[in-house]
Asks: 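Take a look at the following structure, please.
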Amino acid sequence: MNSSVSFKHYILNKLHQAHLFLDMMMMSWNGQNTKLKKPTCSLRTNINSLQIGFFPNEKAFSLRYQTAGMLETVLRQGVLGEDDTGEDSPKNLKLPSRRPSIVCESCLYSLEKDMRVRAFHIMDPKGIVEMLLIFLEERGDGVLLPPSLDNNMENKDRIVPFLGKWKGHSITKRSGVYGSTMAEAETVTSLEMDDKGQIIQGITSTSAAGDVTTNVPWTGIKSDNLVTFAGGYQMTLLPGGMYMGCPCDVGKNVAESLSFHLEFCWLEGPGKRQRLVRTYDVEGLAVSTTYFYETRM
């Protein structure tokens with residue numbers, strides 16, 4: 001089914017450095033602000049080229065593109081237009097490596113509007129995060145101008161909406177060689193920051209049966225829009241109540257036989273948020289996807 005959508009793009013580069021920069025473009029399918037010429041775009045994908053964790057009731061999914069061709073189709077055609085003729089890319093648009101080690105897409109659907117957010121983690125051939133890309137899409141013909149996407153917010157304020165204690169419910173779907181299973185749990189997540197910018201995060205998860213409880217404490221340091229936790233995990237704070245988390249170096253995790261995860265969080269309104277966590281095993285294979293719905297306590 002084809003539909004007209006509007007895109008707000010955030011493209012972040014050089015994420016492993018202390019100073020980040022944000023290139024922003026407003027793109028709409030009427031062709032006035034971009035090179036796009038067609039009113040609709042139809043991207044056809046081969047499901048055999050994807051590893052997907054799908055949550056139909058929540059309209060959420062997370063998937064991994066297994067081929068460079070899929071990245072070409074979704075990103076290059078999706079950004080430049082279905083009828084792109086090989087012209088130069090729009091100014092300030094950085095396209096990812098043609099041989100990424102990991103491309104993970106996470107999609108969360110709005111709880112209030114006919115709108116969704118698609119977030120891409122893109123790792124370069126060495127396993128270093130190369131780019132974070134956000135597509136904010138709304139079904140309809142108009143230009144998307146959501147008031148919550150304010151990039152002029154002070155850097156220190158971006159973390160404020162996430163601070164506090166959050167209570168929620170999680171659904172985990174496992175697949176592949178580990179078998180297709182589903183598990184649910186009740187979760188409590190806390191995030192605190194002191195005057196020196198030190199971040200303290202606590203995650204408690206209790207299985208639906210109530211017989212298994214896990215506690216995971218994390219500590220980190222905030223610098224501008226980047227939070228780096230002990231153990232080499234980083235969280236990038238984005239405009240619009242979003243953040244994306246990933247290891248600083250996936251290659252190092254795999255070399256040290258450590259599992260890892262990628263995370264996307266969308267705090268659409270005060271006091272409620274959705275998260276998707278994609279977990280990978282020690283060989284870098286996606287093994288599960290977890291959807292969280294949480295409210296502030």
Side-chain angles (χ1 to χ4, degrees), residues 5-10 12 51-64 104-121 132-139 144 146-150 153 157-175 182-191 201-208 216 218 225 227 233-246 261-280 286 288-297:
V5 294
S6 299
F7 292 120
K8 180 86 171 186
H9 290 253
Y10 296 91
L12 290 84
Q51 295 175 331
I52 187 168
F54 181 50
F55 302 86
N57 294 335
E58 294 76 16
K59 300 180 182 179
F61 65 80
S62 181
L63 59 87
R64 175 180 180 177
C104 177
E105 176 185 353
S106 299
C107 178
L108 291 171
Y109 201 86
S110 171
L111 299 171
E112 302 175 350
K113 303 176 181 178
D114 194 7
M115 182 172 67
R116 69 181 186 180
V117 177
R118 293 192 298 144
F120 288 79
H121 289 85
L132 302 180
L133 178 63
I134 294 287
F135 289 78
L136 179 59
E137 302 173 335
E138 182 177 43
R139 195 188 308 275
L144 180 60
S148 63
L149 289 179
D150 181 8
M153 180 183 293
D157 292 333
R158 285 189 189 169
I159 198 172
V160 171
F162 301 103
L163 297 177
K165 185 173 290 188
W166 298 80
K167 182 178 181 180
H169 183 80
S170 69
I171 304 172
T172 299
K173 293 188 175 182
R174 297 171 67 87
S175 60
M182 186 175 74
E184 300 187 40
E186 302 302 317
T187 63
V188 175
T189 303
S190 63
L191 187 67
Q201 180 173 267
I203 303 173
T204 301
S205 177
T206 303
S207 64
V216 181
W218 281 28
N225 294 321
V227 178
Y233 192 85
Q234 64 186 24
M235 183 170 70
T236 303
L237 303 166
L238 305 174
M242 305 177 202
Y243 73 73
M244 296 178 70
C246 62
H261 69 277
L262 308 178
E263 179 181 2
F264 172 53
C265 177
W266 184 20
L267 192 154
E268 184 180 0
K272 58 183 178 180
R273 69 184 188 184
Q274 300 179 81
R275 292 191 291 135
L276 277 172
V277 174
R278 184 78 154 169
T279 302
Y280 296 76
S288 70
T289 304
T290 303
Y291 170 85
F292 296 82
Y293 173 72
E294 300 166 309
T295 57
R296 191 191 302 274
M297 297 177 65

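We count residues from 1, following the sequence as given.
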Asks: Between Tyr280 and Cys104, which heavy-atom pair has the shortest distance, and what is it?
Replies: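 The answer is OH-CB, 3.5 Å.
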Asks: Can you check whether Leu163's main-chain N or O pairs, donor with acceptor, with Arg296's side chain at less than 3.5 Å?
Replies: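 Yes; judged by distance alone, with no hydrogens or angles, the pair exists.
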Asks: Rounded to the nearest 0.5 Å, what's the gap from CZ on Phe55 to OG1 on Thr290? Could you check?
Replies: 6.5 Å
Asks: Of all residues at least two apart in sequence or in a different chain, which pass the side chain to side chain donor-acceptor pair (under 3.5 Å) check with Tyr233?
Replies: His261
Asks: Is there side-chain contact between Ile171 and Glu58, with at least one heavy-atom pair below 4.5 Å?
Replies: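 Yes, their side chains come closer than 4.5 Å.
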Asks: Looking at Ser106 and Leu276, what are the two nearest heavy atoms and their distance?
Replies: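 Scanning both residues completely, I find the closest heavy atoms to be CB-CD1, 3.9 Å.
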Asks: Where do Arg278 and Leu63 come nearest, in terms of heavy atoms and distance?
Replies: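 Answer, listing the atom of Arg278 first, then Leu63: NH2-CA, 3.8 Å.
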Asks: Would you mind reporting whether Glu105 and Phe61 have side-chain heavy atoms less than 4.5 Å apart?
Replies: yes
Asks: Listed by chain and number, what are the side chain to side chain contact (heavy atoms under 4.5 Å, CB included) partners of Tyr293, not counting sequence neighbours?
Replies: Leu111, Lys272, Gln274, Tyr291, Thr295
Asks: Return the minimal non-hydrogen interatomic distance between Cys246 and Leu262, and the atom names on each side.
Replies: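 Residues Cys246 and Leu262, closest heavy atoms: CB-CD2, 3.5 Å.
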Asks: Can you tell me how far the OG1 atom of Thr172 sits from the CD atom of Glu184, to the nearest 0.5 Å?
Replies: 9.0 Å
Asks: Distance-only, no hydrogens or angles: does the Lys165 side chain make a donor-acceptor pair with backbone N or O of Val188 under 3.5 Å?
Replies: no
Asks: Side chains of Ile134 and Trp266: does their closest heavy-atom pair fall under 4.5 Å?
Replies: no
Asks: List for me each residue that meets ring-ring contact (aromatic ring centres under 6.0 Å, His included) alongside Tyr243, sequence neighbours excluded, and say none if there are none.
Replies: Phe162
Asks: Using side-chain heavy atoms (C-beta onward) and a distance below 4.5 Å, is Phe292 in contact with Thr189?
Replies: no
Asks: Just verifying a value: how many Å separate Met115 CE and Ser110 OG, rounded to the nearest 0.5 Å?
Replies: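 Going from CE on Met115 over to OG on Ser110, the span is 4.5 Å.
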Asks: For Arg273 versus Cys265, what's the shortest heavy-atom pair and its separation?
Replies: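 Closest heavy-atom pair between Arg273 and Cys265: CD-SG, 3.8 Å.
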Asks: Distance check, rounded to the nearest 0.5 Å: Arg118 atom CZ versus Tyr109 atom OH?
Replies: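 So the gap between those two atoms works out to 13.5 Å.
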Asks: The criterion is side chain to side chain donor-acceptor pair (under 3.5 Å); which residues satisfy it with Ser190, sequence neighbours excluded?
Replies: none
Asks: Identify, with sequence neighbours excluded, every residue that meets side chain to side chain donor-acceptor pair (under 3.5 Å) alongside Glu186.
Replies: His169
Asks: Working to the nearest 0.5 angstrom, can you tell me the gap between Met242 CE and Arg275 CZ?
Replies: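 Those atoms lie 16.0 Å apart.
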Asks: Checking Thr187 now: which residues fulfil side chain to side chain donor-acceptor pair (under 3.5 Å) with it, not counting sequence neighbours?
Replies: none
Asks: Looking at Phe135, is its backbone amide N or carbonyl O close enough to the side chain of Arg116 to form a donor-acceptor pair, meaning the two atoms are under 3.5 Å apart?
Replies: no
Asks: Which atom names give the shortest non-hydrogen contact between Ser207 and Ala185, and what distance separates them?
Replies: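 Closest approach of Ser207 to Ala185: CA-CB, 4.1 Å.
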Asks: Is any side-chain N of the basic residue among Lys113 and Glu138 closer than 4.0 Å to the acidic one's carboxylate O?
Replies: no
